[in-house]
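Here's the structure, in structure tokens; my notes come after.
All heavy atoms count here, side chains included; hydrogens, waters and symmetry mates do not. Counting starts at 1 for both ligands and their atoms, in listed order.
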Amino acid sequence: MERTFIAVKPDGVKRGLIGNIIERFERKGYKIIAMKMLQPTIEIAEKHYAEHKGKPFYNRLINYITSGPIVAMVVEGDNVVKGARHIMGSTKPDEAEVGTIRADYAQTMEYNVVHGSDCVESAEREISIYFKPEEICRDWKTTLDLIMEDGK
Ligand code: UDP
Ligand code: MG
């Protein structure tokens with residue numbers, strides 16, 4: 001099953017939106033298989049956003065993502081990388097579709113409350129930055145999985 005890396009960014013945490021943001025992914029039926037709160041160090045932030053090094057917004061991005069705790073998650077589901085990006089909405093909140101997280105909770109591209117990997121390769125890379133393999137709860141079943149098994 002496909003996995004992605006999702007994080008409630010520091011502005012999401014500071015605004016009390018952790019529950020609201022996580023709920024979007026849970027109600028879609030995606031399975032959260034790892035989660036923790038941490039304040040990214042500069043080293044972690046630079047690894048995470050290595051692709052943006054040298055861009056005009058890079059220094060501000062590193063300051064932002066290290067400015068407070070984030071809630072980091074590994075989320076599993078069918079085509080979850082694309083699906084989660086759809087739930088998050090466009091990077092620019094004023095262009096994000098109504099009903100997406102960024103359209104609903106953010107005003108500026110700089111502070112857009114949530115991160116999600118942009119492809120499967122990025123997801124694997126980002127998951128390995130934030131989680132050790134033993135921190136991922138890979139072997140549990142959702143209630144729906146159990147009911148389906150029972151009915152067989
Ligand atoms: N960002 C910014 N200014 C820009 C582009 C991006 O401040 O012009 C920030 C914003 O927080 C964004 C993050 O850098 O979420 C990473 O940018 P990316 O293009 O990867 O967007 P995302 O994948 O988060 O939608
Ligand atoms: Mg990105």
Side-chain angles (χ1 to χ4, degrees), residues 1-138 140 142:
M1 189 64 81
E2 193 168 290
R3 292 176 179 179
T4 193
F5 175 72
I6 300 287
V8 181
K9 288 175 165 182
D11 53 333
V13 173
K14 289 173 191 167
R15 288 175 52 199
L17 296 174
I18 297 171
N20 287 273
I21 292 172
I22 293 175
E23 195 237 343
R24 303 294 183 106
F25 300 101
E26 277 195 310
R27 76 182 184 198
K28 176 83 172 175
Y30 292 145
K31 190 173 167 185
I32 298 169
I33 57 170
M35 179 156 59
K36 64 178 159 191
M37 180 182 261
L38 75 150
Q39 182 156 350
T41 58
I42 290 179
E43 193 191 359
I44 287 180
E46 287 182 341
K47 271 193 198 166
H48 179 165
Y49 284 119
E51 65 177 302
H52 295 308
K53 197 171 169 66
K55 293 185 185 167
F57 60 88
Y58 178 75
N59 289 342
R60 290 178 66 95
L61 174 59
I62 298 299
N63 284 341
Y64 161 47
I65 208 72
T66 57
S67 69
I70 66 168
V71 175
M73 284 168 274
V74 180
V75 178
E76 194 175 72
D78 188 32
N79 215 8
V80 67
V81 170
K82 190 175 173 200
R85 294 277 296 187
H86 203 192
I87 288 171
M88 285 161 46
S90 163
T91 311
K92 294 181 177 174
D94 55 355
E95 289 178 4
E97 276 179 66
V98 173
T100 62
I101 296 170
R102 285 166 165 174
D104 285 0
Y105 298 121
Q107 295 182 34
T108 64
M109 173 157 56
E110 191 168 3
Y111 302 112
N112 56 12
V113 305
V114 67
H115 169 82
S117 310
D118 61 6
C119 64
V120 171
E121 295 71 38
S122 303
E124 281 168 13
R125 198 183 67 80
E126 291 167 4
I127 289 168
S128 72
I129 293 169
Y130 286 92
F131 291 95
K132 299 180 192 137
E134 63 268 27
E135 291 176 312
I136 298 174
C137 300
R138 58 190 83 241
W140 61 279
T142 64

Report the residues that fulfil salt bridge (charged side-chain N to carboxylate O under 4.0 Å, His left out) with E76, sequence neighbours left out, ordered by chain and then residue number.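 By the salt bridge (charged side-chain N to carboxylate O under 4.0 Å, His left out) rule, E76 matches R3.
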
Going by the rule salt bridge (charged side-chain N to carboxylate O under 4.0 Å, His left out), which residues pair with E23 if we only count those two or more places apart in sequence or in a different chain?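 Listed in chain order: R27.
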
Look at atom NZ of K55 and say whether more than 12 heavy atoms of other residues, nucleotides or ligands are closer to it than 6.0 Å.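 Counting neighbours around NZ of K55, more than 12 heavy atoms of other residues, nucleotides or ligands fall under 6.0 Å, so yes.
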
Verdict with supporting geometry, Y111 and Y64, ring-ring contact (aromatic ring centres under 6.0 Å, His included): CA-CA 8 Å; Y111 302 112; Y64 161 47; 5.0 Å; yes

Separation between OG (S67) and NZ (K14), nearest 0.5 Å, reads 3.0 Å

side-chain contact (heavy atoms from CB on, under 4.5 Å) involving E97 - partner list, sequence neighbours excluded: H86, T100

Those protein residues which place at least one heavy atom below 4.0 Å from ligand 1: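 For ligand 1, the contacting residues are K9, Y49, H52, F57, L61, Y64, R85, T91, R102, M109, E110, N112.
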
